[in-house]
Amino acid sequence: MKQSILLAGVLTAFLAIPPLAYGQKAAEQFIPLGQSPGLSGTQTLIGRIEAMDPLSGSVTLTAETGKTGQARVTSATHIWLDRSLLKLGNVRGSMADLIPGRRAEIKFTDANQREAEWVKVELTAP
Amino acid sequence: MNRQWNARRFRLALGLIAALLSPWQDAAAAEAGSDLIARGRHLFFNETFAGNGRTCGTCHPAENNFTLDAAYIARLPASHPLFVAEFQPALKQGFEHPRLMREFGLIRENLDGFDDLDNRFVMRAVPHVLATATSVRSPAGPRTGWSGDGAPGDGSLRAFATGAVIQHFTRSLQRVPGVDFRLPTDAELDALEAYTLSLGRQQELALPLPLKGTQARRGQAIFLDNQLGKCNLCHANAGANADFGAGSQGNLSFDTGVENLPDTPASLSGERIPRDDGFGTPGNGQFNTPPLVEAADTPPFFHNNAAQTVEGAVGFYNSVAFNQSPAGRLLASLDAKGVGIDLDSGQVEAVAAFLRVINALENIREGDALLRATSGSGYFAYALNRENLAQAAKEIGDAERALSQAGLHPQAAARLRESSRLAQWAGYLGLFGEPLVQRALAQLDAARAELIGGTTLVTALEQGRQP
């Protein structure tokens, strides 16, 4: 009995901290802005880039409702260029692609909505 | 006063109407649920999403228990959409690895991104999707795919199809939605999720079962012994969920060292295969736990098809690769003698026999349900039920093979062979098949009675816990 309680305790502690998932979320790259299943519109912020501060990595978005949101882009943030309107494949982008006026979608890393897990930037011209 | 009285009467009337309608509402909801499953089934096997011709059923064929193995692949025609990389020029490089697919049933996945298709990929087995309703939940979120991270979007089973279309259905490596494929709609995702969750076992077993076979009974005892087999810790009730003594922990991931096996079939091929680092990017070496009830008829085993037989898969846990892995070392640290898992060859065979018998019992349960769904439903229904009867024959045939391959319960195996044959003929005879269905059911009951005593598996399932 004592041993099984010990076993339960140790194994539970061993597994208590789940690693961050990414994996085949890599396919996210190819989903056009606003169409991510279970995320877009509920757990992401969609709008036009209002401002981008390359020093702090802070990007400000204004949604169509007028609501403004801010996120910090870090080295761990995936930035993807959504070229689906151009009938081209989506590719990896960089902070330099976060240009004011462009439409973008931000997925936050947590509920506090401070850091961006990924940002999709919509391109309408090659 | 009068207004109050009227309002009360109105609420009472509404309540009565709701109560009267509730049976119809329940029936309508059930019908809507089964309709959703039927739509999901149609999509699963027929919808190509305007892609390269593959459907979900291409890699998860019902006739092969929703998985792929080299023997099944060898029976497919060269024009089968599984082989698109062999005949579609745009997919020739960087999409699949035809040799590893044909010889070992392995599928190429770009789990760590699509930036370097030549060097960043893994070769994965196709997990069956049976009993997903029991295996997909975990404290860290839904577990889909071998490393538990197989879905974009919110990572759910529902979103899984979107990732699969992008990875496997594309016409070109540009992967442009609207050009190379179309993305599933919300309604399609709902239906595909409902169908996937409807497949196979819906509940955990409640071990121990009153098994009759000596070897299977011994195997069950070893399986449940936390000092010997230690299997039940991570595969509680032979399912996919862990239970360390404080109730179900849901589906968990472990690094069991399968990647460190020196002589896996694919690694011996001489082909360059990048190391599969499992869950996450970079990976932590962990893979999630598959259910075992369905193991015996869904070989090969592990994320890279490293073991070809259920005996080989059980034997893996005696290996240096396992016992030196994080999971093996953890078990050793909790063992009074410092041993991870150390079974002799007879014990390995016994655990495998147990897994074969519970798989056969699950096949019998499925076959029984399919036969009973056709039996007594009127002669005209038989034409419509031909598909059910063919599926019943297949399930019962799987049960027979699970036993025969290891020489278990020869009498029961003979009855299962006969039951499968009768179900097949009932399907051929259509309107006149009912007497054969009854005979198939009788053979099935007799076979089951030889495997398990005191109770039926159905009862055991009813006693089982929800995941």
Side-chain angles (χ1 to χ4, degrees), chain A residues 1-44 76 78-94 105 107-108 117-118 120 122-123, chain B residues 109-115 138-141 144-145 147-156 158-167 170 172-180 183-184 186 189 226-227 233 242 244-246 249 252-254 278-281 283-284 286 326 330 333-334 336:
Chain A
M1 179 65 185
K2 213 171 167 184
Q3 198 172 18
S4 88
I5 292 170
L6 177 73
L7 182 68
V10 173
L11 284 174
T12 304
F14 175 69
L15 296 155
I17 307 161
L20 286 173
Y22 185 63
Q24 195 167 318
K25 285 176 185 289
E28 185 71 53
Q29 174 181 339
F30 299 100
I31 303 175
L33 191 152
Q35 295 182 36
S36 189
L39 284 184
S40 292
T42 56
Q43 295 178 56
T44 62
H78 297 275
I79 299 172
W80 292 307
L81 303 181
D82 174 9
R83 307 192 299 174
S84 53
L85 290 177
L86 305 171
K87 305 287 181 199
L88 294 170
N90 296 352
V91 291
R92 197 171 284 279
S94 71
E105 178 174 19
K107 158 83 165 59
F108 298 94
E117 182 184 323
W118 52 253
K120 289 177 187 172
E122 189 177 69
L123 298 192
Chain B
E109 301 262 6
N110 298 99
L111 301 180
D112 291 337
F114 295 81
D115 299 328
S138 92
T144 53
S147 46
D149 50 10
D154 59 4
S156 64
R158 181 179 175 277
F160 184 87
T162 299
V165 167
I166 292 168
Q167 173 77 60
T170 188
S172 88
L173 299 181
Q174 290 289 305
R175 294 186 160 89
V176 185
V179 176
D180 293 318
L183 292 172
D186 280 339
L189 292 178
N226 289 344
Q227 299 302 311
L233 292 168
F244 308 132
Q249 301 272 319
L252 297 180
S253 300
F254 298 96
F279 187 89
T281 305
N284 61 6
Q286 294 183 0
L330 179 72
S333 72
L334 298 167

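Here is the naming used below: chain letters follow the sequence lines, and residue numbers restart at 1 for every chain. Values in this document were obtained by computation on a predicted structure and should not be read as measured data.
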Next item on the list: Just jot down the side chain to side chain donor-acceptor pair (under 3.5 Å) partners of A:Gln35, sequence neighbours excluded, or say none.
Entry: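 A:Gln35 satisfies side chain to side chain donor-acceptor pair (under 3.5 Å) with no other residue.
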Check: If only atom types and distance count, is the side chain of A:Glu28 paired as donor or acceptor with the main-chain N or O of B:Gly153 below 3.5 Å?
Finding: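 Indeed, once roles are kept as given, a pair shorter than 3.5 Å links the two residues.
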Check: Are the side chain of B:Asp112 and the backbone of B:Thr281 linked by a donor-acceptor contact shorter than 3.5 Å?
Finding: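 Side chain of B:Asp112 to backbone of B:Thr281: no pair is present.
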Next item on the list: Count the heavy-atom pairs under 4.5 Å between each of A:Thr44, A:Leu88, A:Asn90 and chain B, then report the option with the highest count.
Entry: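 Heavy-atom pairs under 4.5 Å are most numerous for A:Leu88.
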Check: When only pairs under 4.5 Å are counted, which of B:Leu173, B:Val165, B:Thr144, B:Thr162 shares the most heavy-atom pairs with chain A?
Finding: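 The option with the most such pairs is B:Thr162.
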Note to self: Suppose we screen for salt bridge (charged side-chain N to carboxylate O under 4.0 Å, His left out). Which residues come up paired with B:Arg158, at least two apart in sequence or across chains?
What the structure shows: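 Partners of B:Arg158 by the salt bridge (charged side-chain N to carboxylate O under 4.0 Å, His left out) criterion, ordered by chain and then number, come out as B:Asp186, B:Asp190.
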Notebook entry, point to check: With only heavy atoms counted, which part of B:Ser156 is less than 4.5 Å from chain A, the side chain, the backbone, both or neither?
Noted result: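 Answer is neither: B:Ser156 stays 4.5 Å or more from chain A.
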